[in-house]
Amino acid sequence: MDINNIVKKGPLYSGKAKSIYEVDEDKVLIEFRDDITAGNGAKKDVKEGKGYLNALISSYLFKKLEENGVETHFIEYIEPNYMLAKRVEIIPIEVIVRNIAAGSLCRRYPFKEGEVLKRPIVQFDYKNDEYNDPMLNEDIAYNLGLATDEELKKMREIALKVNNILKKVFDDVGIDLVDFKIEIGRYKGKLVVADEISPDTMRLWDKETKDILDKDVFRKDLGDVIGKYKVVAKRLKLI
Ligand code: UDP
């Protein structure tokens, strides 16, 4: 599909790095913008080409999930920086999976950065900027009315399945999947993986050099973030 054939009405929603447009009752158009933010919007910049790279990488990874039996909201990649997706009801929970200790895990607990975890950690954080995305447990999620126990159980299963698929995709191109965040939505009574899966939402380290290939380059001022996202896209043979 061509972006010019889609009528873009005003965005339904505009977040820190993506805008969502209504296409019809059942579909949305997701625009990946060049904006980059960190620390809940405290640090901001615009990096040319980021929207394109994230749309491309996200679309590819959603396709991989679908090929491996995980349902997602993905319909189609639309050049250069759009994705057509099913319109879902997003559950406001950031589902994080970790294979190697990094980031907030090391700030909050005595894990050493780079330590390979004995088994993956699945973590649910409440997607709520005002409260700084606090970590949830089942009882808190239930009492806040975010998801049922059955949904939470299924979300954990989906998260671990997604981890296995993505770990293999990156392993095959010499990259360690350190951790990632996904969002899950409700679609026609089912749970589907939604939102984005990109170097903005994953930690990716080169297996050999341990070079950082994700948004930490921006968060920690480590240099050319777009150059690193391009490395990821090149390894996946997308550019
Ligand atoms: N993450 C994300 N959005 C968030 C918080 C985290 O995409 O709002 C991703 C982040 O890029 C990393 C993983 O989730 O791949 C785990 O992040 P962590 O909890 O370590 O938080 P951070 O150190 O980024 O604050």
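Read the numbers this way: they start at 1 and go in the same order the structure lists the ligands and their atoms. Values below: all heavy atoms of this structure, side chains included; hydrogens, waters and symmetry mates excluded. On a predicted model such as this, the values are computed, not experimentally measured, just so you know.
The protein atom (non-hydrogen) at minimum distance from atom 18 (P) of ligand 1 is S104 OG, 3.3 Å. Scanning the protein heavy atoms around atom 13 (C) of ligand 1, the nearest turns out to be D179 OD1, 3.5 Å. For atom 1 (N) of ligand 1, the nearest non-hydrogen atom of the protein is K181 CB, 3.8 Å.
Between D176 and K207 there is a salt bridge, since at least one side-chain N of the basic residue sits less than 4.0 Å from a carboxylate O of the acidic one. A salt bridge between D45 and K50 is absent, with no side-chain N of the basic residue lying under 4.0 Å from a carboxylate O of the acidic one. Between K168 and D171 there is no salt bridge, since no side-chain nitrogen of the basic residue lies less than 4.0 Å from a carboxylate oxygen of the acidic one.
If you number the atoms of ligand 1 from 1 as listed, the ones under 4.0 Å from a heavy atom of R203 come out as 12 (C), 15 (O), 16 (C), 17 (O), 18 (P), 20 (O), 22 (P), 23 (O), 24 (O). For ligand 1, the atoms lying closer than 4.0 Å to a non-hydrogen atom of G103 are 20 (O), 23 (O). The atoms of ligand 1 that sit less than 4.0 Å from any heavy atom of T201 are 7 (O), 9 (C), 11 (O), 15 (O). Interface atoms of ligand 1 facing E94, defined by a heavy-atom separation under 4.0 Å, are 4 (C), 5 (C), 8 (O).
In this comparison of R219, Q123, R98, R107, the heavy atom closest to atom 25 (O) of ligand 1 sits on R107.
Taking 4.0 Å as the cut-off, D200 counts as a neighbour of ligand 1 on heavy-atom distance.
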What side-chain donor-acceptor pairs closer than 3.5 Å can you find for residues 226-234, not counting sequence neighbours?
from, atom 1, to, atom 2, distance (Å)
K228, NZ, D211, OD1, 3.4
K228, NZ, D211, OD2, 3.0
Y229, OH, D200, OD1, 2.5

Could you list the donor-acceptor pairs under 3.5 angstrom formed by side chains in residues 149-160, with sequence neighbours left out?
from, atom 1, to, atom 2, distance (Å)
E151, OE1, T148, N, 3.1
E151, OE1, R186, NH2, 3.1
E151, OE2, R186, NE, 2.7

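Among D133, D195, D125, the one residue that satisfies the salt bridge (Lys or Arg N to Asp or Glu O under 4.0 Å) test with K181 is D195.
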Derivation and outcome, salt bridge (charged side-chain N to carboxylate O under 4.0 Å, His left out), residues D214 and R203: CA-CA 6 Å; D214 57 69; R203 283 197 172 90; 5.1 Å; no
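Of the heavy atoms in M202, only backbone atoms (N, CA, C, O) come closer than 4.0 Å to ligand 1.
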